[in-house]
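Just so you know, these numbers use all the heavy atoms, side chains as well, and skip hydrogens, waters and symmetry mates. Lettering follows sequence order; numbering is per chain, from 1.
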Amino acid sequence: MKSLLLKLEPIIWLLFGAGLSIGTMLLTGFVLIVGLAMPMGLVDAGALDYTRAYSLGSSLLGRLVLLGLIALPLWKGAHHLRSLSIDFRGGDRDGIVGGLLYAVAVCSVIGIVAVIRL
Amino acid sequence: MMAEEARTLTIEITRFDPDRDEVPKTQEYEIQVQDDWKVLDAINYIKDEVDPSLSHRWSCRMAVCGSCGMMLNGEPKLTCKTALSDYDSKLKIEPLANFPIVRDLVVDMDGFMEKFRKVKPWIVRAKERAEDMENLSEKGTFSQSPAQLASFKQFSMCINCLLCYAACPVIANEPEFIGPAAIALGHRYNLDTRDEGDGQRNAIFRGEGTVFSCSFANECSEVCPKNVDPAAAVNQAKLGAVVDWAKGLILPRGGA
Ligand code: FES
């Protein structure tokens, strides 16, 4: 498992990097808009009412964006937890822990694909 | 000069004599210290006036030689750069973490230096060319613009003080990890316009115990006394290794 992870490391890290940028930039922007700008009246509250949000999120492009927004940060989370495990003296169990964490992330992504019917 | 204020400070120092001790022990020294002392001044005072058997390394006293690094209350620091006034009640001085102890505060840095070799820290040319020699006679040495120099200069400012290595949580768990200093040095040569060895180094970086072992705890950059920012180097090296890997998928033989 450990050597497989080592071989896949470039992909693992690319997905992690993508998740990191999305997690830190796009989601922060989303929270800023929905959590601050809309309550403060800077953005018209109707901009994201249920029907508009629904039609946005159910178009093909919308569903793809949703998938990326959820799947990549999930992967990032799995990678962070793996790093955390290594930093807590988990170098020896890294193969199993890393494998399990990425498996959970992949299963969740499959679940998301099923839910949003891509 | 500042008025010389003296106060009493208890300093706890790791002692280890390989001929007599199985494991390191600690010894307490209660000394009168001056407010304008650096930590190194206190250690030198103990060595000169209290206990000549104490062993420690130092040389330049101006944060240049990189030999006086020690753990101060658990944090790796250059003792010649750290003011004693930062420690008002208790100071514990230990040899740098993640290194074998030779004696007292002196550590064995052979393993650390050995890891440098792995990243080929010299200018690699694809082939020794006649053209290199021609350039040499026509234009002088290899020319490099100020901007090209600036792209790696920061990563070449390392003084090998070992602090980043002592701070790295990955090395603590995984002693084979080559560590922040070696990766920063390899990355420095990858960025150097005179160098053509990035393909070789990236292949090394994709192997076991190098860039992808880094968990980006950033401790190395926190403790670096020269603002080399080794964590940035490691993460840029990750990107370089990945780009190189992707190129290898598209173009045969890595395209380089
Ligand atoms: S004595 Fe040279 S760096 Fe401290």
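Heavy atoms only, all atoms of each residue included: A/Leu6 and B/Arg206 are closest at CD1-O, 4.2 Å. Between A/Trp13 and B/Val242, the shortest heavy-atom contact is CE3-CG2, 3.6 Å.
Residue with the most contacts toward chain B among A/Asp92, A/Ile12, A/Ile11: A/Ile11 (heavy-atom pairs, distance under 4.5 Å). Across B/Ser213, B/Ser215, B/Ala172, B/Cys214, the residue that shares the most heavy-atom pairs under 4.5 angstrom with chain A is B/Ser215. Ranked by heavy-atom pairs under 4.5 Å with chain B, the list A/Ser83, A/Ser3, A/Pro10 is led by A/Pro10.
In B/Lys90, the NZ atom is crowded: over 12 heavy atoms of neighbouring residues, nucleotides or ligands sit closer than 6.0 Å. Taking a 6.0 Å sphere around CZ of B/Arg117, one finds it holds 12 or fewer heavy atoms contributed by other residues, nucleotides or ligands. For CD of B/Gln144, the number of neighbouring non-hydrogen atoms (other residues, nucleotides, ligands) closer than 6.0 Å is greater than 12. The 12-atom threshold is exceeded at CG of A/Leu4, counting heavy atoms of other residues, nucleotides or ligands nearer than 6.0 Å. Annotation: A/Arg93, atom CZ; neighbour count of heavy atoms from other residues, nucleotides and ligands within 6.0 Å is above 12.
Contact annotation: the side chain of A/Phe88 never approaches that of B/Asn173 to less than 4.5 Å [non-hydrogen atoms, C-beta and beyond].
Between the CG atom of A/Leu14 and the CH2 atom of B/Trp245 there is a distance of 6.5 Å, given to the nearest 0.5 Å. A distance of 14.5 Å separates CD in A/Glu9 from CZ in B/Phe205, rounded to the nearest 0.5 Å.
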